[in-house]
Amino acid sequence: MVKISVLQHDPSRHLATRPGDPTPISRNLNPNMHPFARARERTRAVNAAKLDRLFARPFVDALEGHVDAVEVLAKQPDSLSTVASGSWDGGLIVHNLPQRSRILHVPQAHKGKVSGLCFAENSRLLSCGVDRNVKLWNFDSQNDEPVNVFPGKAAFNSIDHQRSSQLFATASNLVQIWDETKSAPISNLTLPTSTETVSSVRFNLSETSILASIGSDRSFTLYDIRTGKAERRVIMQMRSNALAWSPTLPTSLLLASEDHNLYTFDIRHLNAPNQIYKAHVAAVMSCDWSPTGTEFVSGGWDRTVRIWQTGQGHSPEVYHTKRMQRVTSTLFTTDARFVLSGSDDGNVRIWKAKASERLGIVTARERAAIEYRQSLVDRWKMDKEVGRIARQRHLPKPVYTAGKLKNTMLEARRVKEERRRKHTRAGESKPTAERKKVVITEQS
Amino acid sequence: MDALIAKGNAVHPLSHKNSKKPQKETDNTLSSIVKNTSLPKSFQSLKHKASSNNAHNHIANKKLRTQLNRTSEHIATSKALLQDAEMLLLEDSGQMQLEDEMERTWRVGQSEISGSVGQEAARGRKEWKLEGGPYRSRYTRNGRHLGIVGKMGHVATFDWQTGQLHTELQLGETCRDFTFLHDHSHFAVAQKKYVFIYDRDGVELHCLKAHIDPTRLEFLPYHWLLASVGNPGYLKYQDTSTGQLVSSHRTKLGSCTTMAQNPFNAVIHLGHTNGVVTLWTPNMPDPAVRLLAHVGPVSCVSVDSDVTTNGGGGGGGRYMATAGKDGTVKVWDCRNWKGCVREWVVRGTGDPEVEWSQRGFLAVASGGGVNVYTKPTLVEPHHNPRITTTHQPPLYLTHPLPHRPLTSLRFCPFQDILTIGHARGLSSILVPGAGEPNFDSGEADPFEGKKGRREREVRGLLDKANACTCTGSCPSFFVLRSSFFIQPDMITLDPSSIGTLAPPSKLTTTTSVTAVSSELNSAALGSAKSDIPYARLPRYERLRVSGKVDEEDDDEEDEDHDGDGGGRKGNGNGKKEDREEREKRKMRGKGKSLKRYLRKQRKNVVDPAAVSASLGFGFLFCFFPESSPGPGLPSRLLSFLAIRKKLEKQKEERRIEKMVAIGRIEGERKPSALDRFKRGIRRGIEAKTKKVEG
């Protein structure tokens with residue numbers, strides 16, 4: 001007797017039991033059931049890359065109010081919304097980002113430009129200017145008068161407040177440590193031989209007594225305020241314009257350099273940077289880490305804002321608009337979703353950190369689709385077409401030509417070096433790694 | 001400061017962790033609890049299953065290496081998980097189980113099958129008695145809808161499970177074939193003069209006047225191409241999403257009445273009246289494969305649509321079955337066209353028809369009945385190698401039909417049903433085990449509703465409607481033609497070529513020096529080292545790479561070199577090329593100034609290629625550039641002789657070495673007095689002296 005069975009599909013297993021229920025899905029992952037899976041996935045990846053570029057509308061808003069160029073931006077560390085900006089005409093504005101409103105607006109906070117801003121605890125704000133004053137403001141009280149004024153001896157260039165304490169540091173021709181309750185600086189920090197102008201100063205975020213400064217003599221210096229002296233000094237090829245400590249890796253430091261590059265240093269090994277970030281075509285004027293520590297933003301003299309992934313030294317995301325002038329200050333907001341740039345045209349601009357991110361509520365299905373598209377592009381980025389679409393950025397013509405010119409010049413330099421080496425005795429000069437060229441000397 | 005550094009050191013970067021010696025495999029905590037607990041499969045570490053990371057150790061770039069390692073690990077993990085996913089395939093295929101050795105499945109008739117499988121399953125056994133000539137039929141890809149067409153113009157489409165009729169047309173002219181487009185909402189009919197497209201309700205939407213006198217239709221579902229072939233012998237591809245005629249190929253083989261598609265790579269198989277089977281892709285004007293399959297006309301072609309086993313080129317579709325009017329059925333292996341895997345002669349008159357099912361069952365209709373054969377025996381040669389032609393493989397099922405001729409066979413996807421079209425209508429029989437039990441609702445869902453159909457249509461268009469170019473390491477017959485529509489360009493014999501590495505560019509950046517040396521050293525050394533970035537090449541090379549250099553002089557020089565080098569190039573790849581070159585050279589004037597100049601340049605050069613070529617190897621290079629002819633002559637001769645001597649010596653040495661290796665000659669010499677200083681002997685002596693001392 002032959003046992004016979006014939007294939008039957010049970011409709012109850014494949015049909016929705018009640019109207020409105022989702023239709024049950026059955027899967028068979030056998031690759032033969034999915035012909036052209038790769039080709040179709042590639043097509044989907046191309047579409048995903050195109051959609052990503054289609055939705056890339058990074059510009060959110062411009063905050064107006066400054067009469068002159070915006071010099072400095074600062075974020076309140078424990079708030080998602082509060083940001084302060086200071087400009088060349090001495091104006092000072094505290095913005096509320098989500099409402100696009102001004103919490104505090106002082107048209108003449110300083111005589112001359114406001115050169116440094118930082119938040120203290122309890123909604124207070126410290127500003128310093130070239131008028132040799134540090135002013136302490138309370139922006140909750142709707143009062144245009146400063147709470148306190150700390151007079152200094154030289155024009156200040158930068159200010160930074162230690163987190164969760166009364167201390168702050170200023171940079172002028174020397175680094176000074178101040179107490180909020182005292183009107184004179186507690187201590188002066190300087191390297192005995194230096195005659196520099198200190199252009200920026202920042203406290204380490206985790207080891208709060210460590211202080212880093214950069215100066216006009218192409219140096220950056222590390223201080224310990226407990227010992228009250230400079231610990232290390234590194235002389236570089238070109239001067240740095242801004243610095244930032246990593247919020248997640250305490251030993252990591254980011255420098256925005258005049259030579260169009262950004263450098264991250266591990267302060268345990270100061271003889272060479274651990275990564276060079278190359279894309280700007282003019283001096284980098286400012287930099288700021290994302291609170292996640294995985295990316296950072298930089299603004300440059302080339303009128304662009306660039307967003308970098310840590311460890312990837314090339315092809316950053318680049319933002320520009322027609323009316324944005326030299327970017328003097330940039331900022332990552334504390335929720336890591338937005339980027340702020342202050343530029344010579346007097347506007348503070350808000351950008352999305354991810355150019356094609358959708359603001360507003362995203363449903364779970366939409367989120368899943370977005371994530372799938374992202375992973376597709378990521379998987380197929382080596383494909384010629386997908387990679388081209390995902391990588392290509394339109395640049396303003398001056399930036400593009402400047403980049404080309406720069407590339408030509410660097411290439412010529414490299415070729416020349418190579419030829420010189422070829423025509424000297426073998427082994428006389430060895431090629432130096434690009435990273436090793438940056439630091440001239442390390443002093444301690 | 002130190003505190004910061006200490007803090008920094010406490011948090012090791014990942015790279016430091018990796019550089020430490022590998023940690024112990026066994027985790028004490030884990031092994032203590034593992035007896036009483038079990039992790040879900042998805043949480044278990046699959047690292048031991050993953051391929052070892054040694055594969056990328058040669059890559060210097062750490063970041064890239066890490067990334068590649070991670071990717072390969074991920075692939076291995078997902079492969080392992082894929083095996084687990086087979087457990088989720090719930091439905092079982094149909095089967096006929098024998099309990100006695102003497103029983104045979106082919107003895108079981110349809111009445112017995114339909115009687116024993118239950119009322120619901122027996123609904124698949126049907127007889128449609130219809131007027132209007134031999135019928136052909138076609139199922140949609142999900143197997144839910146059936147379309148039939150009679151020779152006299154009767155067309156009907158219906159949902160065969162619910163019995164719901166979509167449309168019924170009496171077209172009143174000869175209809176030769178029928179196919180659904182992407183789903184049951186559109187179908188195409190090959191009518192007397194043209195191909196017509198109708199929608200589900202039978203409204204005529206399009207008349208495709210480019211397809212003249214069509215006989216067979218196929219729809220390539222992933223490319224949205226409607227392919228037709230007709231009596232004029234033209235194969236035409238029409239894009240049904242845009243309406244464009246993508247390509248039309250002249251087969252040059254006259255009227256064609258058989259066509260099949262390979263569902264795994266969308267290649268069209270045509271069978272011709274002279275017994276030739278040709279394989280076509282839309283991007284090539286010539287067939288990819290021409291195969292003389294039968295001595296008479298080919299009556300039917302079918303490509304294996306077996307989804308259960310892995311076929312050639314990474315997908316299914318490994319076998320092809322052809323039936324000829326000479327009364328033979330042949331099964332071919334699509335990876336190797338040298339000869340058929342199996343052939344047999346069918347009984348009865350009339351044109352045999354063949355059709356593969358989803359699980360690799362082959363139905364053959366001939367004369368007065370249908371036979372079904374199954375896979376392992378079907379594609380293996382007969383166990384007795386001398387018997388080749390007449391013996392058919394073991395039969396699985398047979399079903400006699402009185403209504404001749406039998407014109408079409410179709411297996412229903414995801415069902416155990418075979419529908420046979422014949423002169424008196426259609427009859428469908430049950431073939432247990434023919435259909436794939438587990439469908440994937442992402443591809444084809446028999447139970448999809450109205451919304452699902454719409455979604456699938458849009459998704460299918462999105463996956464198709466995009467410009468794509470193939471970066472394939474495909475066979476040489478694959479030609480990219482930019483004038484064509486782009487998506488059909490992806491149709492190749494090997495669909496898995498997409499996403500693989502592109503072939504190396506013809507624009508080499510190797511300098512001429514390295515090129516020559518690498519050419520001479522053959523491919524053994526490889527040219528990986530000689531890739532110099534474009535920017536650092538000398539100017540001439542840069543121009544050459546970018547195609548701006550005038551290469552004529554260069555070629556001439558090369559040719560000369562070739563001539564002197566005794567055909568250095570033309571060892572392996574074609575005498576034909578050489579001959580052409582030679583003829584070309586003959587035609588050229590001998591007294592050209594450049595040639596004269598070059599000849600002069602070579603006057604004092606002992607060309608090692610010439611020397612070594614006469615001796616049989618071309619690996620040694622010595623150039624003796626000597627300017628003065630007078631005193632140079634004897635020295636040149638000497639050096640020439642010296643080279644010759646040296647080469648001969650080397651040759652002799654090599655010969656002896658080879659003989660020693662083979663064992664013809666013993667490599668040992670006579671024992672000499674110095675042998676006592678050799679190791680073993682000295683040890684013996686030492687032992688002796690020790691003994692003496694003891």
Side-chain angles (χ1 to χ4, degrees), chain A residues 1-11 13-16 23-44 46-47 50 204 206-207 209-210 222-224 227 231-232 249-252 266-268 311-312 380 382-385 407 411 414-415 418, chain B residues 1 3-5 7-9 11 63 82 85 88-89 91 93-99 103 105 108 113 116-117 120-121 124 222 263-264 307-308 310 315-316 414-416 430 432 435 437-443 446-449 452 462-464 466 468-469 471 490 495-496 498-499 535-536:
Chain A
M1 190 61 202
V2 185
K3 261 193 206 165
I4 302 169
S5 61
V6 168
L7 172 60
Q8 285 180 70
H9 298 288
D10 182 10
R13 198 187 279 166
H14 299 291
L15 291 173
T23 320
I25 291 170
S26 49
R27 286 266 171 261
N28 188 349
L29 298 184
N30 180 358
N32 285 352
M33 292 291 286
H34 306 269
F36 304 105
R38 234 158 159 196
R40 283 188 286 158
E41 189 180 83
R42 185 183 170 280
T43 313
R44 255 177 251 154
V46 173
N47 283 342
K50 282 182 180 171
N204 189 309
S206 116
E207 192 62 38
S209 64
I210 302 294
L222 294 167
Y223 308 90
D224 193 335
T227 58
E231 295 273 345
R232 300 277 157 77
L249 285 172
T251 55
S252 186
D266 189 331
I267 61 154
R268 290 168 287 181
Q312 189 195 344
W380 284 89
M382 294 308 170
D383 186 89
K384 209 172 164 191
E385 197 171 357
N407 202 19
E411 200 52 57
R414 198 152 54 207
V415 168
E418 200 129 298
Chain B
M1 187 70 195
L4 176 56
I5 289 177
K7 201 174 238 176
N9 281 334
V11 187
K63 277 177 199 164
L82 200 63
L88 296 174
L89 302 179
E91 312 224 9
S93 62
Q95 56 184 349
M96 289 211 271
Q97 254 181 349
L98 300 179
E99 288 179 344
E103 283 178 336
T105 50
V108 181
I113 292 175
S116 61
V117 293
E120 190 62 28
Y222 293 104
F264 301 100
V307 293
T308 51
N310 213 2
F414 310 113
Q415 297 285 344
D416 287 344
L430 296 174
N438 295 292
F439 59 87
D440 189 305
S441 45
E443 297 287 346
F447 293 95
E448 80 184 345
L462 276 178
D463 282 355
K464 181 255 154 191
N466 201 293
C468 291
T469 48
T471 58
M490 298 209 312
S496 62
I498 290 150
R536 304 195 193 176

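With a threshold of 4.5 angstrom between heavy atoms, A:I4 approaches chain B through its backbone and through its side chain. With a 4.5 Å cut-off on non-hydrogen atoms, B:P263 touches chain A through its backbone but not through its side chain. Contacts between B:V117 and chain A at a heavy-atom distance below 4.5 Å involve backbone atoms as well as side-chain atoms. Within the 4.5 angstrom heavy-atom criterion, atoms from both the backbone and the side chain of B:I113 approach chain A. Looking at B:Q95, the atoms closer than 4.5 Å to chain A (heavy atoms on both sides) sit in the backbone and in the side chain alike. Only the side chain of B:E443 has a heavy atom closer than 4.5 Å to any heavy atom of chain A.
Of the listed residues (A:H9, A:R38, A:Q8, A:E418), the greatest number of heavy-atom pairs within a distance under 4.5 Å of chain B belongs to A:H9. Comparing B:L430, B:D440, B:N438 by heavy-atom pairs within less than 4.5 Å of chain A, the highest count is held by B:D440.
Taking 4.5 Å as the limit, every side-chain heavy atom of B:S93 sits out of range of all side-chain heavy atoms of A:L7.
Between the CZ atom in B:F264 and the NE2 atom in A:H34 there is a gap of 11.5 Å [rounded to 0.5 Å]. Atom OG1 in A:T43 sits 12.5 Å away from atom OH in B:Y222 (nearest 0.5 Å). Note: A:R27 CZ to B:L89 CG = 12.0 Å, rounded to the nearest 0.5 Å.
The nearest pair of heavy atoms linking B:P432 to A:S5 is CB-O, 3.5 Å.
By the side chain to side chain contact (heavy atoms under 4.5 Å, CB included) test, B:T105 pairs with B:M96, B:L98, B:Y396, sequence neighbours left out.
Between A:H14 and B:F447, the two ring planes are parallel [angle under 30°; tilted spans 30° to 60°].
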